[in-house]
**Student:** 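One structure, pasted below without further comment.
The residues of the chain are indexed from 1 along the displayed sequence.
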Amino acid sequence: MPLSLPRLHPRTIEAVKERADIVDVVGEHVVLKKKGREFVGICPFHDDTSPSMTVSPAKQFYYCFSCGAGGNAIKFLMELQRQSFSDVVLELARKYQLPIETLDGPQQERLRRQLSRRDQLHRVLSLASGWFRSQLRAPEGAGALAYLREQRKLGEGTIEAFELGFAPDRWDGLLNHLGQVEGIGPEWLVEAGLAVPRKGQGGEGSQGYYDRFRGRVMVPIKDRQGRVIGFGGRSLDGGEPKYLNSPETEVFEKGKHLFGLDRAASAIRRDDRAVVVEGYFDVIALHAAGITNAVASLGTALSSQQITQLCRCCESRRLILNFDSDGAGVRAAQRAIGEVEQQALQGQLELRVLHLPAGKDPDEFLQQHGAGDYRALLDQAPQWLDWQIEQVLAGKDLARSDQFQQAVSGLVALLGKLPQSAVRSHYLQQVAERLSGGQARLAIQLEDDLRQQVKGQRWHGRSQKWEQPGEAGLRERAEAEVLRLYLHCGTYRAPIRAELRRHDLEDFALAHHRQLWAAISALEEDNLGAGRLEAVNRGLDPGHDLADLDLPRLLSDQLLVEESTLLTRLTPLIEPSELQQLHLGQPLLQLRGALASLERQRSLKRCRHLLDAWSSQRLETLERCIARLLEGERQEAASHDGLVPVSDMESRIDGLFAELNSDALRFQELYYNERRYLEELDARRRAGFAELVPAMARPPELDVAG
C-alpha cells in the first residue's frame, strides 16, 4: 500500500505558486505560439483541431474557449496528469529546487536527502570537468590540445568557452584524483556516470572500479542552468566507439536536454530560429563562426520534449534541422519530423531541413566555405515537406514502371497528411510536374489522378474515426504484451526488434508505451552503439549483447526521480505479477499473437476506411455505358457516311465501364485485398494459439530435454 503524502507547509505552496510560470508549465506539454500579449495553443483537454486555449502571462491563467478548462499552473498539471494537489506541488518544488517543508518530519528528511543527493552529483560532475580541463593543459594532454587546434581549427577562446578537456589514457586517473584530493568515493563516480565497476568485483575502493572515459577529448554537457550533467568523449586513437557519452543518471536524461542550449538560448530568441545539428563539434564550430543559435540532440533523434524547449526560446517557432546526409542522419531527421508533424501541418511551428552539399557536416563545411555560405544555405533551407518529397524521389528512375509506382505510392501517402486544400493543391501540382518530366498534358492527367488517390488514401492508421469501441483496450493490451516480453525475455530481444521492424510496428500508438520504448532504445544504444542497434533492427546482427542488460532495474532507476508519474503507469510492465510471469513461457508464440493482433486492428481500420471510400463513389451503370457507346457509334457513322466497321461491342462496354468506375473498382480491389490479409492474420493468430495452449498445458515433468 503506498505511503500517504506529507502535509505540505503553506510556505512551500506559496513558493511554488510564485515560481511556477504558467507559460513554462503549459509550454512543456503544449506547443504555444505568441499572439499579442498572450499565447495560444491546442487544448489537451478535448479533441481540439485549432488553437482554442489562451495562456496569459500577465494573469498567470489559462483558459480554453471551447471546453471551458481554465486555472493556474497547478490546476493545469492536476487536470492533465490526473494528480493530487500535493503531488503536483511536490513535483514543481523538486523541479525548481525549492525548499520543501512539511508537517511530517521523516518525510521531509527523505525529500531533503534526495535533493542533497542530486546536489552532490552536480558537484562531482563539476569537479570532474575541472580536472579534465587541467589535464588538457598538462603534458599528457598535448596531443588532445593539438587535435583541437589543428584538426578542429578551434581558437583558445572557443576551447575555454566550452570548457573542453582531456581524459588521460589511465584506468584510474579521475578516480584517484577525486578520491585523494576531494575525498569522493568511487560509488559517487559510478552514480554520476564517470566510473564503471569491474565485472566480478564488488569490493570497496578504486581497485573495484575504473574510469569510464580514457584517452578522449572531453566535452561537458550542461543543463539550462549551466550545471554540468554529463560528458561526451571523442576518441583520439581511432578506438571504438568514436564518441562515448555519459549514461543516463539522476541528473542526465538525453531526451530532455540539448547540447549547447545554455549558451544558445539568447541567440535563438534574438534570431527567432534554432538550428539543430547532430554532433558536439558541429555546435562548437558553428558558435566559433558566430552562428550561436545552434544546438545538438545528444546523439538521439530529436524528442518532443527537446522540441518544446526550443519552441519556448523562439517566438516564431522556427526550427532548422541540419543532420548528416548519411542513412542514419536521414532517419534521425524523419523521426524528428514525426514528433512535430501535426504541429507543422497545423502551422504551429515552421520546420525546415538543411542537407549540406557533398554530404558534409557543419564542421567540415565551415572549414572549407565559411560562415557566410552556411548562413545563405540556412536561409534557403527547404520546408520539411519539400525535403520529404525529395527523399521519396531520391534515386528513383521514373522511366521504370516499378520505381514510378513506388514514387507515386510514397507521394500519395505523404500528401494525404495535408489538411489544407490550398496547400495540398500546390504540392499536387508540383509533384505532378516532377513525375511528368515536363510534359504538360501528362502533368494535368497525373495531377488529377494523384488528387483522387490522395482523397482515397487520406486516412491515419491511428485515427479514432475508424476505431470501434473496445479496440483501444485491445491495442493497449497487445502493445503491453510486446513490451513485457521484451523487458523480461532477454534472449528474445533481437528477434522481437526484427519482427517489429518487419511488420512496421515500432511506433507504438500509446504515448507512455512510446516513451518506454524510447528509453529502452536509448539504454541499448549507449551499450551497443547506434549502428549495431540498427543492424539488430534489420535482422543483420544477432544482438546477443542485448540480453546482458537488466532493463527492468535500469529503467526503474532512471524513471524513479525524473518520471515518477510515468514509472507508476509502467510498473505493471517493469514488475509483472505472478500471473503475467506465467504468460511469458512461450515468448515467440506470444509475440506472434500480439503482433498479429496489432496488425489486425490496423487492417480492420483500413478496411472500414476503404469501404467508406468505395461506397462514396458514384457508379456508372452498364446501361449508361451502352448508351454512351451507341451515341458514339452513331456520331462516327454520320461522319463516315454510314460506313463504320463492326466493333467488339462487349469488350468496348467492359472497357468503358472500367474506365468510368476506375476509382470505385480500385477501392473495391484494395478492400478485398485487405480482407484477404485479415484472413491470413486470423490464421496466424489461430496457429499461434493452437501451439501455445498445448505447451502451457504440458506437465512440467514432461518438459525435459532429451
Side-chain angles (χ1 to χ4, degrees), residues 117-118 120-132 134-135 138 140-141 144 165-221 228-254 299 490-491 493 519-520 522-530 532-533 542-558 560:
R117 175 185 176 83
R118 293 171 67 86
Q120 176 69 350
L121 287 175
H122 283 302
R123 177 173 176 265
V124 171
L125 289 160
S126 179
L127 291 170
S129 180
W131 186 73
F132 290 140
S134 70
Q135 296 305 297
E140 205 169 352
F166 173 65
D169 195 9
R170 286 183 265 145
W171 287 100
D172 53 6
L174 181 62
L175 278 160
N176 285 338
H177 171 76
L178 292 185
Q180 295 170 8
V181 177
E182 303 292 343
I184 297 174
E187 64 280 358
W188 279 108
L189 275 77
V190 173
E191 293 297 321
L194 295 167
V196 181
R198 295 182 186 276
K199 288 187 177 180
Q201 298 190 31
E204 297 294 328
S206 61
Q207 70 272 11
Y209 306 87
Y210 61 89
D211 288 351
R212 179 181 296 274
F213 299 101
R214 305 178 306 281
R216 293 177 179 272
V217 169
M218 298 300 293
V219 182
I221 303 165
V228 179
I229 54 176
F231 292 92
R234 208 284 187 191
S235 172
L236 289 173
D237 59 4
E240 291 294 335
K242 182 190 293 185
Y243 286 94
L244 179 64
N245 300 318
S246 290
E248 304 265 326
T249 67
E250 282 189 38
V251 297
F252 177 50
E253 186 175 344
K254 288 192 294 186
T491 56
R493 285 172 184 162
I520 290 171
L523 287 169
E524 293 177 334
E525 196 171 281
D526 283 340
N527 285 269
L528 270 71
R532 277 201 64 201
L533 193 61
H544 299 311
D545 304 359
L546 293 176
D548 297 336
L549 293 177
D550 186 356
L551 287 178
R553 181 185 64 80
L554 292 171
L555 289 165
S556 296
D557 293 345
Q558 176 181 319
L560 186 58

**Student:** Among all residues two or more places apart in sequence or in another chain, which pass the ring-ring contact (aromatic ring centres under 6.0 Å, His included) test with F166?
**Tutor:** none

**Student:** Of the non-hydrogen atoms in L194 and A128, which two are nearest, and what is the gap between them?
**Tutor:** CD1-CB, 3.6 Å

**Student:** Report the C-alpha distance between E191 and L121 in whole Å, list the side-chain angles of each, state the deciding distance to 0.1 Å, and finish with yes or no for side-chain contact (heavy atoms from CB on, under 4.5 Å).
**Tutor:** CA-CA 8 Å; E191 293 297 321; L121 287 175; 3.8 Å; yes

**Student:** In Å, rounded to the nearest 0.5 Å, how long is the span from NE2 of H177 to CG of D172?
**Tutor:** 13.0 Å

**Student:** Return the set of residues passing ring-ring contact (aromatic ring centres under 6.0 Å, His included) with H122 (not counting sequence neighbours), or none when no residue passes.
**Tutor:** none

**Student:** At their closest point, which heavy atom of G232 faces which heavy atom of I221, and how far apart are they?
**Tutor:** N-CD1, 4.0 Å

**Student:** Examine distances only and state if a side-chain atom of S134 and a backbone atom of W131 form a donor-acceptor pair shorter than 3.5 Å.
**Tutor:** yes

**Student:** Quick check: does any side chain N or O of R216 sit under 3.5 Å from a backbone N or O of K242, one acting as donor and the other as acceptor?
**Tutor:** yes

**Student:** Taking the inter-plane angle between the rings of W171 and Y210 on a 0 to 90° scale, is it parallel (under 30°), tilted (30 to 60°) or perpendicular (over 60°)?
**Tutor:** perpendicular

**Student:** Test L244 against F231 for side-chain contact (heavy atoms from CB on, under 4.5 Å), laying out the working first.
**Tutor:** CA-CA 8 Å; L244 179 64; F231 292 92; over 6 Å; no

**Student:** Would you say the side-chain atoms of D211 pair up with the backbone N or O of G173, donor to acceptor, closer than 3.5 Å?
**Tutor:** yes

**Student:** I would like to know whether V190 and V196 meet side-chain contact (heavy atoms from CB on, under 4.5 Å); could you show each step before the answer?
**Tutor:** CA-CA 6 Å; V190 173; V196 181; over 6 Å; no

**Student:** State, with a plain yes or no, whether a side-chain heavy atom of P552 is found less than 4.5 Å away from one of D550.
**Tutor:** yes

**Student:** Can you name the nearest heavy-atom pair linking G193 to R212, along with the distance?
**Tutor:** O-NE, 2.8 Å

**Student:** Output the distance between atom CD1 (I229) and atom OG (S246), rounded to the nearest 0.5 Å.
**Tutor:** 9.0 Å

**Student:** Quick one, Y209 and L175 - any side-chain contact, counting heavy atoms below 4.5 Å?
**Tutor:** yes

**Student:** Does F213 have any ring-ring contact (aromatic ring centres under 6.0 Å, His included) partners at least two apart in sequence or in another chain, and if so, which?
**Tutor:** none

**Student:** Provide the closest heavy-atom pair for E140 versus P168 in the form atom of the first, atom of the second, distance.
**Tutor:** OE2-CB, 3.4 Å

**Student:** Of all residues at least two apart in sequence or in a different chain, which pass the ring-ring contact (aromatic ring centres under 6.0 Å, His included) check with W188?
**Tutor:** none

**Student:** If I take atom CG from residue L189 and atom CG from residue L127, how far apart are they, to the nearest 0.5 angstrom?
**Tutor:** 9.5 Å

**Student:** Out of curiosity, I520 CD1 to L549 CG, how far, rounded to the nearest 0.5 Å?
**Tutor:** 10.5 Å

**Student:** Take E182 and R123 through the side-chain contact (heavy atoms from CB on, under 4.5 Å) test and state the conclusion after the steps.
**Tutor:** CA-CA 11 Å; E182 303 292 343; R123 177 173 176 265; 3.6 Å; yes

**Student:** Do you know which two heavy atoms are closest between A167 and F132, and how far apart they sit?
**Tutor:** CB-CE2, 3.7 Å

**Student:** Could I get the full list of side-chain hydrogen bond (donor to acceptor under 3.5 Å, both in side chains) partners for D237, not counting sequence neighbours?
**Tutor:** S235

**Student:** Look at R117 together with E250 and state whether they make a salt bridge at an N to O cut-off of under 4.0 Å.
**Tutor:** yes

**Student:** Taking salt bridge (Lys or Arg N to Asp or Glu O under 4.0 Å) as the test, write out the residues that go with R532, two or more places apart.
**Tutor:** D541, D545

**Student:** Looking at R118 and V251, would you say the former's side chain and the latter's main chain have a donor-acceptor pair under 3.5 Å?
**Tutor:** no

**Student:** Of the non-hydrogen atoms in L546 and R493, which two are nearest, and what is the gap between them?
**Tutor:** O-NH1, 2.6 Å

